[in-house]
Amino acid sequence: MCGIFGYCNYLVEKSRGEIMDTLVEGLERLEYRGYDSTGIAIDGDELDSTLIIKQIGKVSALKKEIAKVNPNRDVTFVSHCGIAHTRWATHGEPKQVNCHPQRSDPNNEFVIVHNGIITNFRELKTLLLNKGYKFESETDTECIAKLFKHLYDINYQNGHELDFHELTKLVLLEIEGSYGLLCRSSHYPNEVIATRKGSPLLIGVKSEKKLKVDFVDVEFPDESNLGRPETPLIAANGKAIHSDDNNITVTTNKKNPDAFLNGNGHSSGSHDDNLLPIAANEFNLRYSQSRAFLSEDGSPTPVEFFLSSDASSVIKHTKKVLFLEDDDIAHIYDGELHIHRSRREVGASMTRSIQTLEMELAQIMKGPYKHFMQKEIYEQPESTFNTMRGRIDFENNSINLGGLKAWLPAIRRARRIIMIACGTSYHSCLATRAIFEELSEIPVSVELASDFLDRKSPVFRDDICVFVSQSGETADTMLALNYTLERGALTVGIVNTVGSSISRATHCGVHINAGPEIGVASTKAYTSQYIALVMFALSLSDDRVSKLERREAIIQGLKLIPSQVKQVLKLEPKIKELCATKLADQKSLLILGRGYQFASALEGALKIKEISYMHSEGVLAGELKHGVLALVDENLPLIAFGTRDSLFPKVLSSIEQVTARKGHPIVICNENDEVWMEKAVNSNLETLEVPQTVDCLQGLLNIVPLQLMSYWLAVNKGIDVDFPRNLAKSVTVE
Ligand code: G6P
């Protein structure tokens, strides 16, 4: 999905060349999220002018475009704010005018980079067109830039010189939808605004001097200064602003939704005028200073800020970061970072902490591997270990999940558990559902987030809703989380990305600690989610004597998983050869699994589809005879999970149904399994042997050959494995 990067230097002299390189490199670190075009905005040569350079394609194409435009790299800036973007098209195809930054006008007075979708952009566009604005792109973002200019101009004309964040508050009142955005403006040189709603945004802080405090105060409007109209007044977008003793609340004027700007969509100025007195009063803030950025003697401190949708692009520069919350308006100027909010909410936090990231730069570098996906597959012995580290006591067979401990009694009392996720994360829920039910004795349902929302599924206060997400930002999962929170359910997050929206919005949870996952096709996050969920299930049953033996077997099984994964990785040469021979140039591939291995079949098929573009389908072996068998002949490639568990006889019979129809499956089986050794000789079937583990953990080992298979199928086809077409790592739109 789209990526945002911004860089502000204050009293740290940088050449334009260095600034552009920092922005471009920031974008390179966001490439993995998936995108189709890029752009940057920096100071131009004229005083307070903005230079925008953008291009479709990869960051490498942007570099060429920068070289073509050839701005003077040697000019130096003591203070400067630059913004940059990778775009994943939602409104308007990838073409140069649609790339971000988007601008308010040909003079680039306000320029914006934006992630997310503005849902009321059509209405805004119509109204701005009626005001005489000319649009050059098909994007929703352009409306925001023009809205900034329009509201700036009308206030300026009426004698109100708004602060940049005051202006932003007015703009945000008008826009609906989701956004993470940065704005810079020639009217506010060396300042930048960063704000978010439903789209991640963080700010890295780098300064030679230690910060005075490791938090930033949140600044609210000074309510004693508020102008309080006695009756509701129509604000710019047809929203009526009411005041009562303590709060300002905003409600939509249903009768006049188009009242935006002028009440009826036609230029008259009357409602503009209506808006101004309220706006000017409402946003009349007291002056404040940001405590974190004060030096001992009160003199300005040199500082650099790195704004990004993702920690991976900031980590090279600093580990000190502040995660913005929804509706925060960060305003950076004069080397200070201020966080504003439009309203004071009861119980809301008064500060945002500046945290220290634990991530290392090496974790987001490819190292000796050709692709991030390959690196991440090979990291699994380590990442699976890290998920368990400090949480499982293998001596005493006990589990300690710090983020869940206090909530376990409440969870045990639940009548049902609903697991909700998308994509690979959904498969990790399917893979662990049975052991969850077995150990907790609570019914578990597994839901695709989008479908769960589409159905408006009933949720009750005594439900436990578990949200599984690698990124912690997936829009469908986040929306489902909000839906369950509104209904009073207890929510649990199983998330990889620390500080992500889902990890912050849930009541409790487990970080899977797999380390940053860059490849679009999720691999190490799957195995770590799987382990985190198993540990969760084990924690739920640690008060049950009847489960003691089973629990011990699973815990001892988990202990061996990292080394067993290492062993499975040794299958790579054989898998590579199969991909180059038997599986090369195939159009379709079926993957059969049953019981615990049905999830492995679905996840394997998803991996193959995602990056090799080959049709692949995970089939429940028990369903074979109800339709899929019709496809089987001597030509159809088929993979079957034939590892040992209580369903083995049934799986065997399904595979025999295939071989009886001249199918030649590749069977993933346990090492030295006599049944398969014999069949390999007699019925022309290939085997891929993996170590045996406890039934509910076998999927952790069985998925690895399919991860490798999807990787090699894609590489053999010359596909850019880390950037499969049309897909994004973090899907932040519905
Ligand atoms: C995208 C990614 C998948 C991922 C899914 C859910 O589709 O390409 O790899 O499984 O989103 O993402 P999440 O971050 O919520 O696990």
Side-chain angles (χ1 to χ4, degrees), residues 1-3 31-35 88 115 198-200 309-312 371-373 376-377 383 387 419-432 446-453 465-482 491-506 509-530 532-533 599 602-613 618 703 706-707 710-711 714 719-734:
M1 285 281 116
C2 305
E31 282 193 294
Y32 79 94
R33 296 164 66 92
Y35 70 108
W88 191 79
N115 291 355
S199 189
S309 26
D310 199 309
S312 58
H371 298 99
F372 282 113
M373 182 184 179
E376 285 152 10
I377 293 172
S383 55
T387 308
M419 294 178 172
I420 303 165
C422 302
T424 290
S425 300
Y426 168 74
H427 293 152
S428 73
C429 301
L430 283 181
T432 51
V446 178
E447 298 276 359
L448 282 165
S450 54
D451 185 52
F452 178 74
L453 283 168
C465 298
V466 181
F467 294 86
V468 183
S469 174
Q470 187 286 128
S471 61
E473 301 293 349
T474 302
D476 288 329
T477 313
M478 191 62 213
L479 288 170
L481 168 57
N482 288 336
T491 59
V492 184
I494 307 290
V495 176
N496 194 27
T497 310
V498 178
S500 60
S501 303
I502 294 175
S503 76
R504 283 184 295 135
T506 39
V510 183
H511 281 120
I512 64 170
N513 297 344
E517 188 181 69
I518 309 281
V520 166
S522 184
T523 51
K524 63 174 180 172
Y526 177 74
T527 43
S528 287
Q529 286 166 340
Y530 192 136
L533 287 165
L602 292 176
E603 173 58 11
L606 177 63
K607 287 290 85 85
I608 288 169
K609 273 183 282 220
E610 273 180 308
I611 55 162
S612 75
Y613 311 156
I703 196 59
L706 285 171
Q707 294 172 342
S710 64
Y711 176 78
I719 292 169
D720 191 347
V721 177
D722 289 329
F723 306 110
R725 67 184 177 204
N726 308 336
L727 297 181
K729 179 70 182 158
S730 176
V731 183
T732 48
V733 293
E734 256 184 279

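Whatever order the structure lists them in is the order used to number ligands and atoms, beginning at 1. Heavy-atom basis, side chains included; hydrogens, waters and symmetry copies ignored. Keep in mind the model is a prediction, meaning the values are calculated, not measured.
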Give yes if a backbone or side-chain nitrogen or oxygen of [X] is under 3.5 Å from a nitrogen or oxygen of ligand 1, and no if not.
X: T477; result: no
X: S471; result: yes
X: V520; result: yes

Which of the atoms of ligand 1 are close to [X], meaning less than 4.0 Å from one of its heavy atoms?
X: T424; answer: 10 (O)
X: S522; answer: 9 (O)
X: S469; answer: 13 (P), 14 (O), 15 (O), 16 (O)
X: Q470; answer: 13 (P), 14 (O), 15 (O), 16 (O)
X: E610; answer: 8 (O), 9 (O)

Tell me: protein heavy atom nearest [atom], and distance?
atom: atom 16 (O) of ligand 1; result: S425 OG, 2.5 Å
atom: atom 5 (C) of ligand 1; result: C422 O, 4.1 Å
atom: atom 7 (O) of ligand 1; result: V731 CG2, 3.8 Å
atom: atom 13 (P) of ligand 1; result: T474 OG1, 3.2 Å
atom: atom 8 (O) of ligand 1; result: A728 O, 2.9 Å

Taking all non-hydrogen atoms of both residues into account, name the closest pair between A505 and M478 and its distance. CB-CE, 3.8 Å

With a 3.5 Å cut-off and no angle check, do the side chains of [X] and [Y] form a donor-acceptor pair?
X: D310; Y: S312; answer: yes
X: Q470; Y: S425; answer: no
X: S710; Y: K609; answer: no
X: Y35; Y: E31; answer: yes
X: T491; Y: T506; answer: no

How about H427 and Y526: are their ring centres within less than 6.0 Å of each other? no

Test applied, side-chain hydrogen bond (donor to acceptor under 3.5 Å, both in side chains); reference residue, E517; option that passes from S471, S522, S383, S528: S522

If I take atom CD1 from residue I420 and atom CG from residue D476, how far apart are they, to the nearest 0.5 angstrom? 11.5 Å

Does A521 come within less than 4.0 angstrom of ligand 1, counting non-hydrogen atoms of the residue? no

